[in-house]
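The block underneath contains the structure these notes are about, expressed in structure tokens.
Because the structure is a prediction, the values reported are computed rather than measured. Any value given below was found using the heavy atoms of this structure, including those in side chains, with hydrogens, waters and symmetry copies removed.
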Amino acid sequence: MNRTPVLLACALALTACGSAPEQPRGGGTATVTNCGTAEEFPAPAQRLFVNDGNMIAMVLAVGAQDQVAAVSSLQRDAATLRAHYGPAVDALKQVAPQYPSKETIVAQRPDVVVAGWNYGYSEEKGLTPDSLRAQGIAPYILTESCRQQDGQRARGIVDPWQALREDLTNLGTITGRAPRAADVLTDLDTRLAALRAAPQPPTPPTVFLFDSASDTVFSSGRFGAPQAILDAAGARNALADLDDTWTAVSWERVAAADPAAFLFVDYPPQTFQQKIDLLTARPGIADLPAVKQRRFLNLPYALWTSSPLNIDAAEQVRSALEEWGLAPASGLKPRADDEVAAG
């Protein structure tokens, strides 16, 4: 596959298909359940601060781009988001190229911040939901990143498709865009149903999601979005037994999994080619059939982290599995083509 811009249908494509809907008037509040707790937010929110490409995708998908005061960590995902959401991406005000400081956020005078644990929120950096509440700012936490217990690092409390549904529904409520959020979820469920109705391999092929590596390999367990993507595509996540979202494992664990294919998260600083070089140079890994036969698929970060683009990832993974002979032909065609080539 080659990476080419593909816009969504006009019902979901925001300003690319016409003028943006009128911005809801503020002044009220709404209570939603976030990380298992009922939290109150100004609604409709008028000045969102959104960190990271996956959460920016959520806000764009529900049509709330005109209610965004500023974003951070956009540039890495700008081309991908532009391909899916059109020129609305270029109108966003980016104030930090990577994760922002609390001071950067406060300077934008947001009423709501959308971020997550290890997606911007960090005790070490002094940027936490509590620190924002102390400034009179309502913090929304990415559901995929919800901590299993206070003060502990393991993340993930619900199935990743459920996590995505909760976030889209909640953000639709907070921004006054509930009808648009419902449309996005209907589209998601229709496409998921088609994938699940497709012919399935007798035994789902084991696939390893390769984020980055050094002495260990960063990947994703059963609460991360890749678990949902691989399940929908008809594959098995090699780390489905790990009760976490994103986590590191040993190279020995990779070799023992003997995956039928490697899927890659495309983002800096480690390039796709560098990751391939690590696989082909590593004893016990280089001789795996998946490596020798180059069963590799490289997709952008915003498709692998919890976002509406997870369904696009699932369709593209299914197509690759069929191409590699690891899943029966289904006749399904991915709506988008986001593959990033080595180079």
Side-chain angles (χ1 to χ4, degrees), residues 1-4 80 195 198-213 216-222 224-242 246 248-267 270-305 309-343:
M1 290 185 286
N2 296 313
R3 186 178 180 183
T4 55
T80 298
L195 283 166
Q200 300 298 312
T203 301
T206 296
V207 171
F208 193 93
L209 190 280
F210 192 114
D211 176 288
S212 55
T216 58
V217 184
F218 202 62
S219 186
S220 186
R222 75 181 184 95
Q227 176 74 38
I229 293 165
L230 297 179
D231 278 348
R236 173 186 172 273
N237 178 12
L239 302 185
D241 60 321
L242 294 186
W246 296 86
V249 297
S250 68
W251 281 102
E252 289 74 18
R253 177 70 191 262
V254 180
D258 189 15
F262 284 90
L263 308 181
F264 297 85
V265 183
D266 187 74
Y267 74 110
Q270 200 167 59
T271 69
F272 180 29
Q273 187 59 55
Q274 287 171 330
K275 295 171 188 178
I276 292 174
D277 291 344
L278 284 169
L279 291 176
T280 56
R282 190 87 187 184
I285 303 292
D287 291 332
L288 294 176
V291 176
K292 286 195 164 190
Q293 296 177 34
R294 293 297 195 273
R295 292 197 289 263
F296 300 150
L297 176 66
N298 187 38
L299 295 176
Y301 172 93
L303 272 73
W304 289 115
T305 49
L309 303 180
N310 293 159
I311 188 61
D312 294 281
E315 291 173 348
Q316 291 172 68
V317 171
R318 173 66 195 218
S319 179
L321 294 177
E322 293 181 20
E323 182 180 332
W324 296 326
L326 299 175
S330 66
L332 296 176
K333 301 296 182 186
R335 181 179 292 176
D337 185 349
D338 296 283
E339 184 177 5
V340 183

**Request:** For the pair Thr206 (side chain) and Pro259 (backbone), establish whether a donor and an acceptor sit closer than 3.5 Å, ignoring hydrogens and angles.
**Result:** no

**Item:** Separation of Leu326 CG from Thr203 OG1 (nearest 0.5 Å)
**Value:** 12.0 Å

**Message:** Before you tell me yes or no, could you show the steps for Leu195 and Ile311 under side-chain contact (heavy atoms from CB on, under 4.5 Å), namely the whole-Å CA-CA distance, both residues' side-chain angles and the distance that decides it to 0.1 Å?
**Reply:** CA-CA 10 Å; Leu195 283 166; Ile311 188 61; 3.9 Å; yes

**Prompt:** If we only count heavy atoms from C-beta on, is the Val265 to Phe218 side-chain gap below 4.5 Å?
**Reply:** no

**Item:** Interatomic distance, Leu230 atom CG to Arg236 atom CZ [nearest 0.5 angstrom]
**Value:** 10.5 Å

**Message:** Just to verify, what does Gln293 make a side chain to side chain donor-acceptor pair (under 3.5 Å) with, not counting sequence neighbours?
**Reply:** Arg295

**Request:** Would you give the length of the straight line joining atom OG of Ser319 to atom CG of Leu332, rounded to the nearest 0.5 angstrom?
**Result:** 9.5 Å

**Message:** For Lys275 and Asp266: C-alpha separation, side-chain torsions, deciding distance, then whether side-chain contact (heavy atoms from CB on, under 4.5 Å) applies.
**Reply:** CA-CA 10 Å; Lys275 295 171 188 178; Asp266 187 74; 5.8 Å; no

**Asn237 side chain near Arg222 side chain, heavy-atom distance below 4.5 Å** = no

**Message:** Please determine whether side-chain contact (heavy atoms from CB on, under 4.5 Å) holds for the pair Asp337 and Gln316, giving the CA-CA distance in whole Å, both sets of side-chain angles, and the decisive distance to 0.1 Å.
**Reply:** CA-CA 7 Å; Asp337 185 349; Gln316 291 172 68; 4.3 Å; yes

**Request:** Kindly compute the distance separating CG (Leu278) from CZ (Phe210), expressed to the nearest 0.5 Å.
**Result:** 5.5 Å

**Prompt:** When rounded to the nearest 0.5 angstrom, what distance separates CZ in Phe208 from CG in Leu263?
**Reply:** 10.5 Å

**Request:** Quickly, which of Phe264, Tyr267, Tyr301 forms a side chain to side chain contact (heavy atoms under 4.5 Å, CB included) with Asp211? Name it, please.
**Result:** Tyr267

**Asked** According to the interplanar angle, ranging from 0 to 90°, do the rings of Phe296 and Phe272 count as parallel (below 30°), tilted (30 to 60°) or perpendicular (above 60°)?
**Response** perpendicular

**Request:** Provide the full list of salt bridge (charged side-chain N to carboxylate O under 4.0 Å, His left out) pairs with a residue in residues 251-261, sequence neighbours left out, each pair given once.
**Result:** Asp241-Arg253

**Asked** Considering residues at least two apart in sequence or located in another chain, which fulfil the side chain to side chain donor-acceptor pair (under 3.5 Å) criterion with Asp277?
**Response** Gln273

**Asked** Is the backbone of Leu303 close enough, under 3.5 Å, to the side chain of Asn310 for a donor and an acceptor to pair up by distance?
**Response** yes

**Asked** Can you tell me how far the CZ atom of Arg294 sits from the CG atom of Leu279, to the nearest 0.5 Å?
**Response** 8.5 Å

**Item:** side-chain contact (heavy atoms from CB on, under 4.5 Å) between Val249 and Leu242, intermediate numbers included
**Value:** CA-CA 10 Å; Val249 297; Leu242 294 186; 3.7 Å; yes

**Prompt:** Looking only at heavy atoms, what is the nearest atom pair of Ser220 and Pro226, with distance?
**Reply:** OG-CD, 3.5 Å

